[in-house]
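Each residue takes its place number in the sequence, starting with 1.
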Amino acid sequence: MDTFAGAVWSLLTATGGALSLTFIVAIFLGIAALTLLFLGSAVVALEQFARVSKGWGNRIRFGLCWSGVAAAGYLYQFHPELSAQPWTEWLRSWALATGNAIAVVAVVTLVVRALLKWVRPNRLAIGNIAVLGIGYSLVVGGSDSVGYAATPLAMAVAVAILIGLRRRGRRDPERTGGGEGERLLRVLCCALVPGLVIAWLLSEPNFELAAAGAGILQIYLAVILLGLFPLAGAGFLDSRGSSEWFIAIRYLMAKRRQTFISIITGICVVGIATGVWLIITVLSVMNGFERTWREEIIGNRAHFTVHHQLGPFGDYEGILEKVIATPGVVAASPYLDAEGMVRAPGGQIMAVRIRGVDPKRVGDVTDLREDLLSGSLEDLEPGATADGEDPAILIGNQLAASVGAHVGDSLLMISPFGGPQTPLGPAPRLERFRVVGIFQSTFFQFDEVFTFVNLAAAQAFKRTGDVIDGIEGRTTDFYRSRSVATEVRASLGFPFFTRDWNDFFPAFFQALKTERVMMFVLLTMIMVVAAFAIVSTLVMMIMEKSGDISILKTMGARDEMIERIFAIEGTLIGLVGTVLGVIAGVSVTGQIAWVQQQIEAVIGIDTLPASVYQFDTLPAELDFGQIAIAVGIAMVLALGATLLPSRQGARLDPVEALRYE
């Protein structure tokens, strides 16, 4: 019986695991399909606005503004160290980057304008699909990923077959050759085939092919952002005062009979605004936590350290001078680490780390001087200790509380090595230190484990010669610490190497980054739901206004005009929701402490006990790059949601729509 129950349980477990994996893969494919759908639809909507751009005034004004934004984004992404520089230095760099961006935007805009003028829309759509498909094929093919290469191809083939079967079932003689959608699907299938072939033939990844595909996709994205988007923005501004703009505004501001549609439109605006607001606020709080931990880590540690391949090394004065002479280094200090144990009055044994430092220099590379509650770094110097006195030591407040030590007390330190030989091996060695100061950082574990002595005392405790474990260095800006550390390693040469502050806690910072990305994806789903609400709103509006659309078409309105009407509606919904969301997100983030106080007053609970988190208010830091990404996603979803309803309205048959009017 037990064997049968175990077999049933194993079968259920395996089935549940398979279903879970299938569900996860389905979610991934669904998100990928939605991403491609909304991105492609947004590009088509931008193209519609770009084709109606007429005057050079709006093109120049929008191009200049967009060049400034692009320059700021470039500095944010590739030169984050400028954020710590004076604003005049940042402004000078931004002006130079803006000048270059203006030239690039002007050239790309002229190229895109020529393509829109001389290439028919259907051929341009085919070219877009071909470029995207080839770029993706090279990336997944060069990465030797057969599954990633086969999945989109299989999906495209399946969709093409379903559309073909549906068309044949309708027996429409005028569409025996297939519509535009089927032609685009055939082009996409042909573009994806090379990726599957390359992935099948390669025995190992070919990163050159993958880099070529990534380069194609990056160039395509640059053309969209630097060429098509400025033209589309100018076209949107040119649309003001036109008949399309007038009709779109009238449809959004529905009268008595269409009050329900107006309510749904308001819900769409609120959905977009809520998504943007929550993304900005939540990510800002997560940024605040990361900044707090980063500052504490950097405060307790140097920006980078220098080590020897073979371990401790001597003759470090010359090495120290070379490190300090490196451009970007403002201070450096040698150190030596040793392990020890402290005996508490109750007999407890506590493990500690003894760090030997140079008292004159350590305050320039860490925040130890600012963290001192009592005593000073000068008390650590060898000359401050009289002959016959115990060596001086600085301990953390948590360790002092655990062992009951105060300034002036004697502290018994136990070294696990170096004592007299016994039949069971070397005995522990005891050495006394005199507490001359107590420090307190915001890291509980740091205050409980770390102690500081001068270099000579650490070398005597560890029974080594005049050697050190490494050199700590501080740079002008911790964002540039990795590049400065690379220069230090290059100047010192083999066998020295360096470690950046990011290398001390890589798993911790990676976990914070992963949590931030997952939170961003989850909160984006709010805007995705709002985008589908925009689709349903526009579809209901088209059904309600089918008679008006038919009259417009009988009066000579072209399909492109009908599409632009609903594209303007979706764009306005996205713009209003995005602006409200940004205002709400920035406002709440700026007053996050007040919001926390009100919540605590209502629920009567201390949400952030200082004894646990080392701070009692939520930290928050606005990141303009994340705000820009949230705004971009909101507008892509709003623009992408307009394509299918606008195409449905444009293809409305006036005769059928007016038959029962």
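- Residues Leu580 and Trp277 have side chains not in contact (no heavy-atom distance under 4.5 Å, counting atoms from C-beta outward).
- Considering CG of Leu226 and CD1 of Ile219, their distance stands at 12.0 Å, rounded to 0.5 Å.
- Under the side chain to side chain contact (heavy atoms under 4.5 Å, CB included) test applied with Val276, the options Ile583, Val582, Thr281 reduce to a single match, Val582.
- Among pairs with a residue in residues 196-227, none fulfils ring-ring contact (aromatic ring centres under 6.0 Å, His included), at least two apart in sequence or across chains.
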Would you please test Trp245 and Phe236 for ring-ring contact (aromatic ring centres under 6.0 Å, His included) and show each step? CA-CA 9 Å; Trp245 186 279; Phe236 183 76; 5.3 Å; yes

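- Judged by distance alone, the side chain of Ser53 and the main-chain N or O of Phe49 form no donor-acceptor pair under 3.5 Å.
- Every residue two or more places apart in sequence or in another chain that forms a side chain to side chain contact (heavy atoms under 4.5 Å, CB included) with Arg558 is listed here: Glu560.
- A donor-acceptor contact shorter than 3.5 Å links the side chain of Thr642 to the backbone of Leu639.
- A heavy-atom distance below 4.5 Å is not found between the side chains of Gln626 and Ile280.
- Interatomic distance, Phe246 CZ to Ile565 CD1, rounded to the nearest 0.5 Å: 11.0 Å.
- Here the shortest heavy-atom pairing between Ser137 and Pro194 reads CB-C, 4.4 Å.
- Put simply, the side chain of Ser587 never gets that close to the backbone of Ala584: no donor and acceptor are under 3.5 Å apart.
- In this structure the side chain of Ile279 reaches within 4.5 angstrom of the side chain of Met527, judged on heavy atoms.
- In this structure, Ile627 and Leu622 have side chains that are in contact, with non-hydrogen atoms separated by less than 4.5 Å.
- A donor-acceptor pair under 3.5 Å links the side-chain atoms of Thr554 to the main chain of Ile551, judged by distance alone.
- Rounded to the nearest 0.5 angstrom, Leu46 CG and Thr571 OG1 are separated by 8.0 Å.
- Residues Trp66 and Phe229 form a side-chain contact, since some pair of their non-hydrogen atoms from C-beta on lies under 4.5 Å apart.
- You'll find the side chain of Met286 reaches within 4.5 Å of the side chain of Val282, heavy atoms only.
- Using a 4.5 Å heavy-atom cutoff, the side chains of Ser243 and Met561 are in contact.
- Scanning for side chain to side chain contact (heavy atoms under 4.5 Å, CB included) contacts around Val112 gives Val108, Leu116, Val223, Leu228, Leu231, with sequence neighbours left out.
- You'll find the side chain of Arg59 stays beyond 4.5 Å of the side chain of Thr109, heavy atoms only.
- Here Ile633 contributes atom CD1 and Thr524 contributes atom OG1; the two are 4.5 Å apart, rounded to the nearest 0.5 Å.
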